[in-house]
There are 2 protein chains.
Amino acid sequence: MLKLSTKGQYGVRAMYEIAKGFGSGPVTIKRISEEQHVSIAYLEQILNKLRRAGIIKSVKGPGGGYILSRDPKQITIGEILNELEGPVAITSCLDPKEGCVRVDSCVTHLLWKALGDNIKRFLDGMKLQDLLQGDQRVAAASKNGSAGKRGVAGQREGR
Amino acid sequence: MLKLSTKGQYGVRAMYEIAKGFGSGPVTIKRISEEQHVSIAYLEQILNKLRRAGIIKSVKGPGGGYILSRDPKQITIGEILNELEGPVAITSCLDPKEGCVRVDSCVTHLLWKALGDNIKRFLDGMKLQDLLQGDQRVAAASKNGSAGKRGVAGQREGR
DNA sequence: TAAATACTTGACAGAAACAGTCGGTTATTA
DNA sequence: TAATAACCGACTGTTTCTGTCAAGTATTTA
Ligand code: FES
Ligand code: FES
């Protein structure tokens, strides 16, 4: 249950690849395709969305490719997924686009809201930079719970 | 993103309804249908799964219905959803039924694992009893993060 | 034992979401 | 102008979801 679509998964992997090249010129779609084993056609769809959202920029022509709009420290997994799959919404009732009339009498509303908030907090606390740093922070979050501002021992000094 | 299917949602609502009748005889499917606005036919499907899993028991004939197999304090939301939608598996790679060969070289594996563990911890920490008690504990979890053993201030003394 | 109640089971089907492809276009550089 | 690389929309097969339906079984009460 609660599966992420491939768009979201590939999107994060693609962003990781672009982040790897941060500071050293654009990364081509072809490169990403080879490194992450995702078809070029599919990646185009994904990267277009992210570009329109302003998270990455593109450079056309030879030597072109994609670059991050911001520092990897300032791009969260949450915002990537948000663009590709919409906001976290455990139920339709929690979806901003839908909403629900019976909120007050609903016994589970708060439950799903709490879960959704939890997930959101996790995803928004996780940065592209954390992926680049070989997952130490991620691993810590696994034991700890949310990756929120409380932080993790040893976070500041990545290496 | 990360939407729960209606089976899972209705399942929890149905369990809540059965839990309400805990100690005072079986609750009919008809009753649940009316209280929670879900069709009888659909509920049958859902309750059958839960019964086969041993979470609830059924009593046939007039005066029959469904009853909890255990105390509401001992039934978690996690196990209900687990039966109805399978285990938490953010990606196919994390799904016990599927698995992945490329785990080691995968940059996002740990990330999704951490998220999944987080969710699981939340769901397993949340009991049917918490729903019955008007959501105080749930509300607390919303601000706090995981509903795990670390607990929430004032948890012990529910009321 | 007959009637009423209530759960049991498996099959089925329309709708929606997913996963991915394809053909053609535009912009940049050398 | 030729090569490179991003851009764009439409399209399609597959899977999952969200239910419905019909027929059957078990239990109680009159
Ligand atoms: S039914 Fe809409 S909030 Fe629960
Ligand atoms: S590709 Fe299987 S673990 Fe990431």
Side-chain angles (χ1 to χ4, degrees), chain A residues 1-11 13-14 17-18 21 25-34 36-67 69 81 84-86 89-92 95 97-98, chain B residues 1-11 13-14 17-18 21 25-34 36-53 55-67 69 81 84-86 89-93 95 97-98:
Chain A
M1 62 167 147
L2 295 174
K3 200 162 286 182
L4 221 47
S5 82
T6 55
K7 269 212 175 79
Q9 296 176 44
Y10 297 167
R13 306 230 301 258
E17 215 55 44
I18 299 173
V27 178
T28 68
I29 225 173
K30 184 153 174 291
R31 176 86 194 281
I32 301 173
S33 169
E34 285 163 355
Q36 295 294 332
H37 309 92
V38 178
S39 86
I40 290 182
Y42 202 18
L43 278 172
E44 279 174 346
Q45 236 184 81
I46 294 168
L47 295 179
N48 264 323
K49 274 198 167 188
L50 296 174
R51 179 181 51 80
R52 272 173 230 165
I55 302 183
I56 53 178
K57 286 174 187 164
S58 64
V59 182
K60 283 188 175 183
Y66 291 92
I67 49 177
S69 296
L81 293 179
L84 294 173
E85 310 207 10
I90 306 297
T91 69
S92 308
D95 194 324
K97 287 194 305 294
E98 319 227 357
Chain B
M1 61 166 147
L2 295 174
K3 200 162 288 184
L4 219 49
S5 84
T6 55
K7 267 209 177 78
Q9 296 175 45
Y10 297 167
R13 305 230 300 260
E17 214 57 42
I18 299 174
V27 179
T28 68
I29 223 173
K30 185 153 173 289
R31 176 86 194 281
I32 301 172
S33 171
E34 286 165 356
Q36 295 295 333
H37 308 92
V38 178
S39 87
I40 289 182
Y42 202 18
L43 279 173
E44 280 173 347
Q45 237 184 81
I46 294 169
L47 294 180
N48 265 320
K49 275 199 166 186
L50 295 175
R51 180 181 52 80
R52 271 175 234 164
I55 302 181
I56 54 178
K57 286 175 186 163
S58 63
V59 181
K60 285 189 173 183
Y66 292 92
I67 50 176
S69 296
L81 294 178
L84 295 174
E85 311 208 10
I90 306 297
T91 70
S92 308
C93 287
D95 194 322
K97 287 194 306 293
E98 320 229 354

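Just so it is clear, the model here is predicted, and its values are computed rather than measured. Lettering follows sequence order; numbering is per chain, from 1.
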With sequence neighbours excluded, what pairs up with A:E44 under the side chain to side chain donor-acceptor pair (under 3.5 Å) test? none
Need one value for B:K7: base, sugar-phosphate or nothing, where a base atom within 4.0 Å counts as base even if backbone is also close, heavy atoms only. base
Roughly how many Å is it from CG in B:L43 to C1' in D:dC21, rounded to a whole number? 16 Å
In whole angstroms, the gap separating C1' of D:dT4 from CZ of A:R31 amounts to 17 Å
Along DNA chain C, first and last positions that approach a heavy atom of chain A under 4.0 Å: C:dA19 to C:dT29
Respond yes when some side-chain nitrogen or oxygen of B:Y42 is under 4.0 Å from OP1 or OP2 of D:dC17, and no when none is. no
Mind running side-chain contact (heavy atoms from CB on, under 4.5 Å) on B:I32 and B:V38 for me, showing each step along the way? CA-CA 8 Å; B:I32 301 172; B:V38 178; over 6 Å; no
Checking B:E17 now: which residues fulfil side chain to side chain donor-acceptor pair (under 3.5 Å) with it, not counting sequence neighbours? B:K20, B:Q36
Surrounding CZ of B:R51 (heavy atoms of other residues, nucleotides or ligands, distance under 6.0 Å), is the total greater than 12? yes
Mind calculating the distance between CG (B:L4) and C1' (D:dT18) to the nearest angstrom? 14 Å
Using the side chain to side chain donor-acceptor pair (under 3.5 Å) criterion, which residues pair with B:Y42? Sequence neighbours excluded. B:T6
With A:S69 via side chain to side chain contact (heavy atoms under 4.5 Å, CB included) - residues at least two apart: A:K57
All side chain to side chain donor-acceptor pair (under 3.5 Å) counterparts of A:S58, not counting sequence neighbours: none
May I ask you to evaluate whether A:Y66 reaches the phosphate of D:dC7, defined as a side-chain N or O under 4.0 Å from OP1 or OP2? yes
Any N/O donor-acceptor pair, B:Q45 side-chain to D:dT20 base, under 3.5 Å: yes
Residues in salt bridge (charged side-chain N to carboxylate O under 4.0 Å, His left out) with A:K49, at least two apart? none
Please identify each residue that fulfils salt bridge (charged side-chain N to carboxylate O under 4.0 Å, His left out) with B:K30, with sequence neighbours left out. B:E34
From NZ of A:K30 across to P of D:dA3 the rounded distance in Å is 16 Å
Tell me: CG of B:L84 to P of D:dT18, nearest whole Å? 12 Å
Just call it for B:L47: base, sugar-phosphate, or nothing, with non-hydrogen atoms closer than 4.0 Å on any strand. nothing
What integer distance in Å separates B:K97:NZ from D:dT16:C1'? 13 Å
Rounded to whole Å, CD1 of B:I40 lies from C1' of D:dC21 at a distance of 13 Å
Could you walk me through whether A:L81 and B:L2 pass the side-chain contact (heavy atoms from CB on, under 4.5 Å) test, one step at a time? CA-CA 10 Å; A:L81 293 179; B:L2 295 174; over 6 Å; no
Calculate the interatomic distance between A:I56 atom CD1 and D:dC7 atom C1'; express it in whole Å. 12 Å
5' priority, DNA chain D, between B:E85 and B:S39 [closest heavy atom]: B:E85
Pick base, sugar-phosphate or nothing for B:R52, based on heavy-atom distances below 4.0 Å to the nucleic acid. sugar-phosphate
D:dA6 phosphate, OP1 or OP2: any side-chain N/O from A:R51 under 4.0 angstrom? no
Among the nucleotides D:dC7, D:dA10, D:dA6, whichever has the atom closest to the side chain of A:N48 is D:dC7
Heteroatom pairs (N/O) under 3.5 angstrom, protein to nucleotides 22-30 of chain D:
| unit_1 | atom_1 | unit_2 | atom_2 | d |
| --- | --- | --- | --- | --- |
| D:dA26 | O4' | B:K60 | NZ | 2.9 |

